[in-house]
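Note sheet for the following structure.
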Amino acid sequence: MSVADDTGLQQAAEPALEPPFAELYAASRAQEFGFTPGQFLALLQEVAAKHGSDAKLEDHCGTLRVEDLVLARACAAGNDRAWQVFMLRFREKLYDVARQITREDSSGRELADCVYADLYGTKLRDGERVSKLVSYSGRGSLDGWLRTVLAQDFVNTYRKQKRLVSLDEESEEGAQFAAPEPENVAPADPALARATD
């Protein structure tokens, strides 16, 4: 079966989704972000397979935050409309959470901006943009997932900075650095040891 579009070209019509999936498709705003019903169903199947759900697909999907999932995947794909919605919903929240985590305004903004870069996908792998949003599975709220990402990024940054120790600062604080203990090496020949004693 084929359908003529506005240009008069024939396109294959996509099969309609079954009722529970059609309702999820409408509720998720997937069409607004450029997902066809087939792509939406494939996304749900991918998420269910990734998490090894033994439940039927429709039961598993009933537990997902499909609107958040579709928004995250659309952003990861670079959909401009999705990014506009994302920024309206989460920009100020992320700055607020980052400030709470770092306890400082400038550090909080820096942390949130770094996370935004990772979410947008400024890193490339095999010539493809890699977005952290692809790892969001819809099992919890996107808001909670973003808070977790911020907190983990802060911990990773802290760990990197903690490894860098200034020897000058340590010595000013009274730290003394002991020389390493020499290793006891047994002489190669016991006769040589007796002769030197």
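Scope of the values below: all heavy atoms of this structure, side chains included, with no hydrogens, waters or symmetry mates. A quick note: this is a predicted structure, and the numbers were derived from the prediction, not measured.
- Note that CE of Met87 is 9.5 Å distant from SG of Cys75, once rounded to the nearest 0.5 Å.
- Put simply, CG on Leu150 and NZ on Lys93 are 13.0 Å apart, with the number rounded to the nearest 0.5 Å.
- With rounding to the nearest 0.5 Å, the separation of CG in Leu43 from CD in Gln39 is 9.5 Å.
- Contacts of Asp96 classified as salt bridge (charged side-chain N to carboxylate O under 4.0 Å, His left out), with partners at least two apart in sequence or in another chain: Arg99.
- Rounding to the nearest 0.5 Å gives a distance of 9.0 Å between CG of Leu94 and CG of Leu111.
- More than 12 non-hydrogen atoms from other residues, nucleotides or ligands lie less than 6.0 angstrom from CD of Glu32.
- In terms of modelled atom types and a separation under 3.5 Å, the side chain of Ser135 and the main chain of Lys132 share a donor-acceptor contact.
- In this structure, Phe40 has its ring center at least 6.0 angstrom away from the ring center of Phe35.
- Ion pairing of Arg73 with Glu46 is present here, as a side-chain N (NZ or NE/NH1/NH2) and a carboxylate O approach within less than 4.0 Å.
- In this structure the side chain of Phe90 reaches within 4.5 angstrom of the side chain of Leu71, judged on heavy atoms.
- Residues Asp68 and Arg89 have side chains in contact (heavy-atom distance under 4.5 Å, counting atoms from C-beta outward).
- Between the side chain of Tyr95 and the main chain of Gly108, no donor-acceptor pair closer than 3.5 Å is present.
- The main-chain N or O of Arg29 is never found under 3.5 Å from a side-chain atom of Tyr25 such that the two would form a donor-acceptor pair.
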(message) Using side chain to side chain contact (heavy atoms under 4.5 Å, CB included), reason through Leu64 and Leu24 one step at a time and then give a plain yes or no.
(response) CA-CA 10 Å; Leu64 297 178; Leu24 286 173; over 6 Å; no
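- Annotation: the span from Leu119 atom CG to Cys114 atom SG amounts to 11.0 Å, rounded to 0.5 Å.
- Residues passing the salt bridge (charged side-chain N to carboxylate O under 4.0 Å, His left out) test with Asp80: none are found, sequence neighbours excluded.
- Looking at Glu23, its side chain never comes within 3.5 Å of a backbone N or O of Pro20 through a donor-acceptor pair.
- The side chain to side chain donor-acceptor pair (under 3.5 Å) analysis of residues 138-148, with sequence neighbours excluded, yields the pairs His51-Arg139.
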(request) Show your reasoning for whether side chain to side chain contact (heavy atoms under 4.5 Å, CB included) applies to Lys50 and Gln45. (result) CA-CA 8 Å; Lys50 184 177 179 181; Gln45 290 168 338; over 6 Å; no
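- Summarising the geometry, atom CG belonging to Leu69 is positioned 6.5 Å from atom OH belonging to Tyr136; distances are rounded to the nearest 0.5 Å.
- Between Val66 and Leu44, some side-chain heavy-atom pair lies under the 4.5 Å cut-off.
- Using a 30° and 60° split on the angle between ring planes, Trp83 and Phe86 fall in the perpendicular class, above 60°.
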